[in-house]
Amino acid sequence: MISEAEYVFRPSVEKRRILIVEDELINQEILKATIGDFYEVVSAFTGTEALDIVNSQHETLSLILLDLNLPDIHGLNVLRKIREEAAFAHLPVIVLTADSGAEVESLTLGAIDFIPKPYPQPKIILARILRTIELSEDRDILRFTERDHLTGLYNKEFFYRYADQLDVYHKDTPTDAIILNINRFHTLNDRYGKSYGDEVLRCMAERMLEIVKKTGGIVCRSEADSFLIYCPHCEDYQAVLDAAAICAPVEGQSESRIRIRMGVYANADKSLDIERRFDRAKMAADSVRGIFANAIGLYDNKLREAELLSEQLLEDFPVAISEKQFQVYYQPKFDIRVDEPVLTSAEALVRWKHPDLGMISPGIFIPLFEDNGLIQALDQYVWSDAAAHVRAWKDRFGKALPVSVNVSRVDLLDPLIVERLLGIVAENGLGHGELLLEITESAYTKDAEQIIEKVKQLRQLGFLIEMDDFGSGYSSLSMLSSLPIDALKLDMQFIRDAFREKKDTRLLKAMIQLAVSFEVPTIAEGVETMEQMLALKKMGCDIVQGYYFSRPLPEDEFEEFIAARV
Ligand code: C2E
Ligand code: CA
Ligand code: CA
C-alpha cells in the first residue's frame, strides 16, 4: 500500500503565510524576528484590520496568531467571528495571552493552542506553530480523502482538491498538467480478461507513483484507463512516458502489451479551473490519438486555436439551428451487382454554412457536438430533413429512394430515440424501411449491451441498420456476429490502403469475405475511380458510394441527379 507521505508535493519553495494580530509594535517585531525566516508574515494591529485580512486573504493563510487584548474588538470576538464564516472557519488560530484564565474560553471557541506572554524561547514558538499547521493541513486533506480501490491512488475529485491546495502554497511554481491514457484499453480486457486489465492498471499506478517521487507532484487514476499527474514543470516528458510504459509482464509474458498516449499542458495557466487545465492536457493527448506507438502530444498554439474555434462553434450553435445554417447534402449509393450500376439509396451528410467562417465540414463539428450534448438536436434536424426529402422525391418520381442518416452513439443513449424516429417517419408518411440508420462500429465499444438492445428494438420495428466504418472499431468477431445489422459499410481506410501506389488488396478482400460470411450486403465508400469500382465488384462487394459516382450534393442538385436516372 502507498503511504501518505509519498503523495506530498515536495519542492516547497513558497513559505506558508501567517497572520499576526497584535497591537503592540514591539511584540509584532519580536514575533516577526522569531518566525520570519521560516514563514511569510502579515501584520494586523486591530481586530477590524485582522478581520479584513482574513476576509480577503483566507485562501493563502495557514495560521493566525491572535492577541486577545486589542484596541477595538476583543480578541475572543475576533475568534468568534472567524469561526462563524464557513469559508475560513477551519483556519487554525493560536491565542497569544498573558491571562491564563482566558485559555478555557478560547479553547471553547476553537483556538487550537496558546503561546503565553511573555513569549517563551523561539524554538518552542516555532515548534507549536509547525505542529498546528501540519495538523490542520492533514485534517483538511483527510476530510476529502478518497482513494481509487483498484490502484490505491487518489480519485479524481480528491486529486483536483489537492491540486488546488497545492496551488495556494506554490503559486509561483510553474506546474504541468499531464494525462496518460492506455490506447484501446477495452480490447486488452476483451482479449486477455478483466483480471489482466486490472493487473496492468495496478502496475501503471505503481509506475506513476515512482514518477512523481522523482518529479514531485501528485497523481490519480481519473477514469478506467487514464491517469493524471500534476507536478512542477519538467522538460523531459519522454522519460515520464518511458517510465510509465514499462509494465511488468503478467504470467510469464515477456513484453508489455500496452501503448500509451500522453498529453501535456506545460506551465499550466493557474487562473483557469484545474479541470480546464486537464481538459487541455486531454486535448493534447487526443491530438496524438491513432498513432500506434507510444506518443506525446503537447498543448500548443495550434490546439489553442482549435479550442477557441470549438468555443465559438458551441456558442454559435443555437442561432445556427434556428436560422437553418445547417444544410443537408446527399450522396448516392449504387448497386454494382448488375451490369449497369443502379441508384439504390443515398446518405445524408450535414454541412454548416457559417455566416462568418464559411462552409464547415462535419469532421470538425460532429465530434465536438458529440462531446457536448448538441448532437441530438442536430441529428434530429438532419433526420427530419432527410425524411421530408424522401417524401418529396417519392411524390415526384413515384418511387421511394431510401436515405440513410448517421446515428451517433449519444443518440442511442437517449431514452426517447425510438419515439423520435417513429414520429419523423410517421409525419412524412414513410415506411420504416425508407429511413436507413448508419451506426458506426465504435458506437458499440462502451455500454455495448444497452446500445445493442436499442438497435434491436429499432430493427424489430422495421428500421434497417447499416454498420458504418466497419473494421475500424476493433470489435471482436464473436461480438460482431451477434450484432443486429442489415448491411456492413467498410471503413474507407481499407479502400485507401488497398489502392495506394503499391497496390495490396489482400486485406480489403479479407474484409469483404468477412462481410459475406455475415450474410449481409457489403457497402464500400470513398470509391473514387472506375478501377476501384471494378476491383470491388470482382471481390464481391455489393454497393458503392463515392466521388466516382458523385460527391455529396445539395438537395436541389441531388434531385436533378435522381431525375436524370429514372
Ligand atoms: P461517414 O459517415 O463515414 O461519411 C463518409 C464521409 O466520406 C463523408 O464526409 C463524405 O463526404 C466522404 N466521402 C464520400 N465519398 C468520398 C470519396 O470518394 N472520397 C473521399 N475522400 N471522401 C468521400 P463528410 O461529409 O465530411 O462527413 C464526415 C463524417 O461526419 C461522416 O463520416 C459522419 O461520421 C459524420 N457526419 C456527417 N453528417 C452527419 C450527421 O448528420 N450526423 C452525424 N451524427 N454524423 C454526421
Ligand atoms: Ca456514415
Ligand atoms: Ca463511414
Side-chain angles (χ1 to χ4, degrees), residues 313 317 320-321 324-334 336 345-353 359-389 402-414 417 420-421 424 435-443 464-473 485-500 511 515 522-533 536 541 543-555 557-558 561:
L313 296 183
F317 179 79
I321 272 277
K324 297 199 185 331
Q325 291 171 12
F326 291 101
Q327 200 181 346
V328 184
Y329 277 43
Y330 295 88
Q331 187 178 34
K333 296 181 193 173
F334 280 79
I336 57 165
S345 60
E347 176 176 7
L349 293 159
V350 72
R351 275 95 186 83
W352 185 350
K353 288 201 166 144
M359 190 76 125
I360 309 176
S361 131
I364 292 176
F365 60 82
I366 296 283
L368 176 68
F369 293 170
E370 284 178 334
D371 284 347
N372 288 278
L374 301 177
I375 192 69
Q376 291 186 37
L378 178 61
D379 275 345
Q380 283 161 40
Y381 174 92
V382 174
W383 303 342
S384 296
D385 187 276
H389 283 98
V403 168
S404 63
V405 293
N406 289 287
V407 178
S408 284
R409 181 190 144 69
V410 188
D411 295 321
L412 291 165
L413 296 171
D414 167 11
I417 183 178
R420 294 191 209 280
L421 281 165
I424 289 171
L435 202 61
L436 314 174
L437 309 179
E438 289 193 14
I439 299 170
T440 155
E441 184 189 338
S442 60
L464 298 174
I465 312 296
E466 293 182 356
M467 179 181 269
D468 204 353
D469 308 328
F470 173 60
S472 70
I485 36 179
D486 300 286
L488 281 176
K489 202 168 181 183
L490 290 177
D491 189 52
M492 234 185 282
Q493 199 58 41
F494 293 108
I495 289 124
R496 285 212 187 117
D497 292 346
F499 297 103
R500 275 181 208 294
M511 291 305 291
T522 321
I523 306 170
E525 65 180 329
V527 177
E528 297 184 348
T529 64
M530 162 114 78
E531 183 210 355
Q532 293 173 354
M533 192 272 286
L536 283 158
C541 176
I543 294 169
V544 156
Q545 172 183 352
Y547 296 172
Y548 171 63
F549 287 110
S550 168
R551 290 182 174 260
L553 300 171
E555 57 193 44
E557 285 178 41
F558 187 65
F561 187 90

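As the structure lists them, so they are numbered: ligands from 1, and atoms in each ligand from 1. Keep in mind the model is a prediction, meaning the values are calculated, not measured. Just so it is clear, the values below take in all heavy atoms, side chains as well, and ignore hydrogens, waters and symmetry mates.
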How far is [atom] from its nearest protein heavy atom, and which residue and atom name does that atom have?
atom	value
atom 21 (N) of ligand 1	E528 OE2, 3.2 Å
atom 43 (C) of ligand 1	D379 OD1, 3.3 Å
atom 4 (O) of ligand 1	L349 CD2, 3.7 Å

Of all N, O or S atoms in D469, identify the one at the shortest distance from the Ca ion (ligand 3).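 Going through the N, O and S atoms of D469 one by one, OD1 ends up nearest to the Ca ion (ligand 3).
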
For the Ca ion (ligand 3), give me the closest N/O/S atom belonging to D468, just the atom name.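 Nearest to the Ca ion (ligand 3) within D468's N, O and S set: OD1.
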
Heavy-atom nearest option to atom 28 (C) of ligand 1, drawn from P552, P362, A524, A386: P362

Of all the heavy atoms in M492, does at least one lie under 4.0 Å from an atom in ligand 1? yes

Looking at ligand 1, would R351 count as a contact under a 4.0 Å heavy-atom criterion? yes

State the atoms of ligand 1, each with its element, that fall below the 4.0 Å cut-off from a heavy-atom position in [X].
X	result
E525	3 (O), 4 (O), 5 (C)
V350	38 (N), 39 (C), 40 (C), 41 (O)
E347	2 (O), 4 (O)
G546	15 (N), 18 (O)
R496	21 (N)

Answer yes or no as to whether an N/O/S atom of E438 is found below 3.0 Å from the Ca ion (ligand 3). no

Using a cut-off of strictly less than 3.0 Å, determine whether N406 has an N/O/S atom near the Ca ion (ligand 2). yes

Strictly under 3.0 Å, is the Ca ion (ligand 2) approached by any N, O or S atom of E525?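 It does not: E525 brings no N, O or S atom closer than 3.0 Å to the Ca ion (ligand 2).
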
